[in-house]
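These notes are about the structure you will find just below.
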Amino acid sequence: MNERAMLQRLPKGGDLIREIKRAADAQNMTKGTVQVIGALKRAEISFYRQKDQTYVPRTLEHDVEILAGMGNISLKDGETFVHLHLTLGDESGGCTGGHAMEGCIILAAEAMIREISGPPLHREFDEETGLFLWREPN
């Protein structure tokens, strides 16, 4: 098994999802795992409401720490797709979390992206869940 991993400092002011995607694309990584810690100036997260099959967005317009960020990299419509969940802490010690969306603005962030060898994982729409899930292997 030939796996690669990289540690990446993500740029202040950048968009968290876009910067992870950019880092993966720069190394031609199309299948892997992501871990990230750091701090955000603004967070865009969402919760998937199963009964409606819709994402309920939330915007946090205040400083938060990324206590844990974990996710994966695959392909969706032929492009690198970052699927990331965040646990965020605020200055009161409270926590919240959800599915990371574009619009998370970085103060400081450090990511580890680990490539997984083998054919890429492709996402496709799943009628039953309303989500874009990994295509079943043949």
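All values below come from the heavy atoms of this structure, side chains included, with hydrogens, waters and symmetry mates left out.
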Fit a plane to each ring of Phe81 and His83, take the angle between them on a 0 to 90° scale, and name the class: parallel (under 30°), tilted (30 to 60°) or perpendicular (over 60°).
->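 Rings of Phe81 and His83: tilted, 30 to 60°.
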Kindly determine whether Leu121 and Arg135 satisfy side chain to side chain contact (heavy atoms under 4.5 Å, CB included), including the steps that lead there.
-> CA-CA 7 Å; Leu121 291 169; Arg135 182 182 310 150; over 6 Å; no
Give the other cluster members for Val36, using side-chain heavy-atom distances under 4.5 Å between Ile, Leu, Val, Met, Phe, Trp and Tyr residues; answer none if it is isolated.
-> Met6, Leu10, Leu16, Ile17, Ile20, Met29, Val34, Leu40, Ile45, Leu60, Val64, Ile66, Ile73, Val82, Leu84, Leu86, Leu88, Ile106, Ile113
Each residue besides Tyr48 in its hydrophobic cluster should be listed here, by chain and number; the cluster joins Ile, Leu, Val, Met, Phe, Trp and Tyr at side-chain heavy-atom distances under 4.5 Å.
-> Tyr55, Leu131, Leu133
Under the salt bridge (Lys or Arg N to Asp or Glu O under 4.0 Å) rule, what do Glu115 and Lys31 come out as? Steps first, then yes or no, please.
-> CA-CA 6 Å; Glu115 180 179 46; Lys31 176 175 149 185; over 6 Å; no
Is [Y] close to [X] at the side-chain level, that is, under 4.5 Å between some pair of heavy atoms?
| X | Y | result |
| --- | --- | --- |
| Glu65 | Cys95 | no |
| Thr96 | Phe47 | no |
| Lys21 | Glu79 | yes |

What closest approach, in Å, do [X] and [Y] show between heavy atoms, and which atom pair accounts for it?
| X | Y | result |
| --- | --- | --- |
| Glu127 | Gln53 | O-NE2, 4.0 Å |
| Ser92 | Asp90 | OG-OD1, 2.7 Å |
| His122 | Pro120 | CD2-O, 3.7 Å |

Take Asp52 and Arg49, measure what salt bridge (Lys or Arg N to Asp or Glu O under 4.0 Å) needs, and give me the verdict at the end.
-> CA-CA 6 Å; Asp52 303 351; Arg49 187 179 295 143; 3.1 Å; yes
Tell me, yes or no, whether the heavy-atom count around Met112 atom CE, taken from other residues, nucleotides or ligands under 6.0 Å, exceeds 12.
->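 Enclosed: over 12 neighbouring heavy atoms sit under 6.0 Å from CE of Met112.
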Might you confirm whether atom CD of Glu110 has over 12 heavy atoms from other residues, nucleotides or ligands at distances under 6.0 Å?
-> no
Hey, does the side chain of Arg4 reach the backbone of Gln27 with a donor-acceptor pair shorter than 3.5 angstrom?
-> yes
Is a side-chain N or O of Asp15 found less than 3.5 angstrom from the main chain of Gly103, in a donor-acceptor match?
->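 Yes, Asp15 side chain to Gly103 backbone: donor-acceptor pair under 3.5 Å.
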Would you please test Ser74 and Arg123 for side-chain hydrogen bond (donor to acceptor under 3.5 Å, both in side chains) and show each step?
-> CA-CA 7 Å; Ser74 57; Arg123 291 185 177 274; 2.9 Å; yes
Do Asp25 and Thr80 have a side chain donor and acceptor closer than 3.5 Å?
->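 Indeed, the side chains of Asp25 and Thr80 share at least one donor-acceptor pair under 3.5 Å.
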From OG (Ser46) to NE2 (His99), nearest 0.5 Å = 5.0 Å
Taking atom CG of Leu75 and atom OG1 of Thr30, what is their separation to the nearest 0.5 Å?
->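 Taking CG in Leu75 and OG1 in Thr30, the distance rounds to 5.0 Å.
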